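Below: the structure, in structure tokens.
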Amino acid sequence: MAALPASSAIWSALPLPAVLIENRDGVETIVDANPAFELFVSASATILKGVPLRTRLTGDGQLVDSIMRAREQGSPVFINDLPVRGRDGTRTQCTVQIAPMGETGDLVLVLVSPQEIAGRLGRTKAVKAAAKSAIGMSEMLAHEIKNPLAGITGAAQLLSMGLNDEDRALTDLIVAETRRIVKLLEQVEQFGDQRAPDLHPVNLHDVLERAKRLAELGFGSHMRLIDDYDPSLPEALIDQDQVLQVFQNLFKNAAQAQPNGGTIRIRTYFERGLQIRAKDGVSTSLPLHVEVIDDGPGLPPAIADNVFEPFVSGRENGTGLGLALVSKIIAAHNGWIEVESVPGKTVFRVSLPMAPSPNARPKPKKEVR
């Protein structure tokens, strides 16, 4: 096998899915894949090495033809609007760049740029900017608004003491609505909390069982909650209270989607391969996965792409802060959350880092000269 054309650091830092291939007995075969490609096809580089490219990525024959042409011509080939089909059969419109590597051209680099990701990033940036401004304004006003609301609630309760039942219904309405506004303001304050997570090794199943119990005794009492735990799951490096809030919000989201009852399935499993790059440039492995699966109607298509953004909600009178808080907490843990939703099945998948082994030795610090 030919040597890689660049250092492993550069290879891992590529933000787009990239794969190196070579022709083995007439079959385009994967030699290596970067972390972004692992995420794109939901498989680790270890599993991908040595398998035919067509088993993981297809482009209706045009992809393989273009690879052959790039190798024969010894020059790059670009393909626009190529419908690439991943392992799960889903088609994604992509721009694909193909380039032979080295003088012999044995190795070929295939760089995949999903067009929907670029469009989504542009939309998300605008949404986040608007949301950040709205959150900042709300935080400034929250304390000022809560004080007069407390006075309004107290005055309404005093008034109700001397009223008949018909008039008391009006003061009860005032009390209920002011309390609802206070609850919303508290959610805004919670979302604006900038405290870093207090990380410790934690058994995820303990957190899930606590969240499950709270759901069964309260908002999820009309639901059937079942678990499918991996008994060998290692401990996670998390803030227990914050991650408890994550799963409470996910269970509540599933329960609210099915007011007449349904099933929430909680699945845990261990799988290497997913890595994300933090703001400091360090890659974090996320081998611990938790899926919260419900059999409800699914996410409304209009909000599916922005469901983790603040103030985006598919429910009437929804605040749109529950899933936004979930996303914020997971991001603070250098974790990953994604959702797949069709009518009858919605899956929220949370991926978290594993706690270091107690026997692991810290890496020696490099001397600064």
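What's counted below: heavy atoms across the whole structure, side chains too, no hydrogens, waters or symmetry copies. Since the structure is predicted, the reported quantities are computational estimates derived from the model, not experimental observations.
The shortest heavy-atom contact between V110 and V96 is CG1-CG1, 3.8 Å. Here the closest heavy-atom approach between residue A254 and residue I264 is recorded as CB-CD1, 3.7 Å. For the residue pair H333 and P197, the shortest heavy atom distance occurs at CE1-CB, 3.6 Å. Contact detail for A236 and L204: the closest heavy-atom pair is CB-CG, 3.8 Å. Shown here for A255 and G220, the closest heavy-atom pair between the two residues is CB-CA, 4.2 Å. When all heavy atoms of T346 and G298 are compared, the pair lying nearest together is OG1-CA, 3.3 Å.
One finds the CG atom of L233 at 4.5 Å from the NE2 atom of H205 (value rounded to the nearest 0.5 Å). Taking CZ from F247 and CG from N253, the interatomic distance works out to 13.5 Å, rounded to the nearest 0.5 Å. Rounding to the nearest 0.5 Å places OG of S351 at 6.0 Å from CG of L286. Within the model, atoms NZ of K252 and CG of L323 stand 11.5 Å from one another, a figure rounded to the nearest 0.5 Å. For the atom pair CG of L325 and OG of S327, the computed distance is 9.5 Å after rounding to the nearest 0.5 Å. Expressed to the nearest 0.5 Å, how far CG of L208 lies from CG of L244 amounts to 9.0 Å.
I21 and M68 fall into different hydrophobic clusters, where Ile, Leu, Val, Met, Phe, Trp and Tyr side chains are chained together by heavy-atom contacts under 4.5 Å. In the hydrophobic cluster analysis, where Ile, Leu, Val, Met, Phe, Trp and Tyr join through side-chain heavy atoms closer than 4.5 angstrom, V290 is grouped apart from L199. Hydrophobic clustering keeps Y269 apart from I238 (ILVMFWY residues linked when any side-chain heavy atoms are closer than 4.5 Å, directly or through intermediates). V207 is not connected to L237 by any chain of hydrophobic side-chain contacts under 4.5 Å among Ile, Leu, Val, Met, Phe, Trp and Tyr, and they are in different clusters. By the rule that hydrophobic residues join a cluster once side-chain heavy atoms approach within less than 4.5 Å of another member, V350 and L214 end up as members of separate clusters.
No side-chain donor-acceptor contact under 3.5 Å links S160 to the backbone of L158. At least one donor-acceptor pair under 3.5 Å links the side chain of T268 to the backbone N or O of D230. Of the possible donor and acceptor atoms, one in the side chain of R168 sits under 3.5 Å from a partner among the backbone N and O of L163.
Counting heavy atoms from C-beta on, the side chains of L288 and P234 come closer than 4.5 Å. Between I174 and I152, the closest side-chain pair of non-hydrogen atoms falls below 4.5 Å. Side-chain contact check for Y229 versus I266: some heavy-atom pair is nearer than 4.5 Å. You'll find the side chain of D241 reaches within 4.5 Å of the side chain of D239, heavy atoms only. Between V108 and E22, every side-chain heavy-atom pair lies at or beyond the 4.5 Å cut-off. Under the 4.5 Å side-chain criterion, counting only non-hydrogen atoms from C-beta, L225 is in contact with E216. Under the 4.5 Å side-chain criterion, counting only non-hydrogen atoms from C-beta, V246 is not in contact with Q242. The closest side-chain heavy-atom distance from F270 to S232 is not below 4.5 Å.
N249 and Q245 share a side-chain donor-acceptor pair at under 3.5 Å. A donor and an acceptor atom, one from each side chain of E28 and N23, are located under 3.5 Å apart. Judged purely by distance below 3.5 Å, without hydrogens or angles, the side chains of Q258 and D295 pair a donor atom with an acceptor atom.
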- [ ] For side chain to side chain contact (heavy atoms under 4.5 Å, CB included), just list the numbers for N34 and V19, CA-CA rounded to whole Å, side-chain angles, deciding distance to a tenth of an Å, and then say yes or no.
- [x] CA-CA 6 Å; N34 73 340; V19 62; over 6 Å; no

Task: From CA spacing to verdict: side chain to side chain contact (heavy atoms under 4.5 Å, CB included), L20, I30 - done: CA-CA 6 Å; L20 282 168; I30 296 175; over 6 Å; no

TODO: Apply side chain to side chain contact (heavy atoms under 4.5 Å, CB included) to Q157 and V175, showing your working.
DONE: CA-CA 7 Å; Q157 290 173 328; V175 171; 3.8 Å; yes

- [ ] Applying side chain to side chain contact (heavy atoms under 4.5 Å, CB included), run through V243 and V202 and close with a yes or a no.
- [x] CA-CA 10 Å; V243 173; V202 175; over 6 Å; no

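Electrostatic pairing of R349 and E340 counts as a salt bridge here, judged by a charged N lying under 4.0 Å from a carboxylate O.
Of the candidates D227, I293, D294, V347, I293 is the only one forming a side-chain contact (heavy atoms from CB on, under 4.5 Å) with R265.
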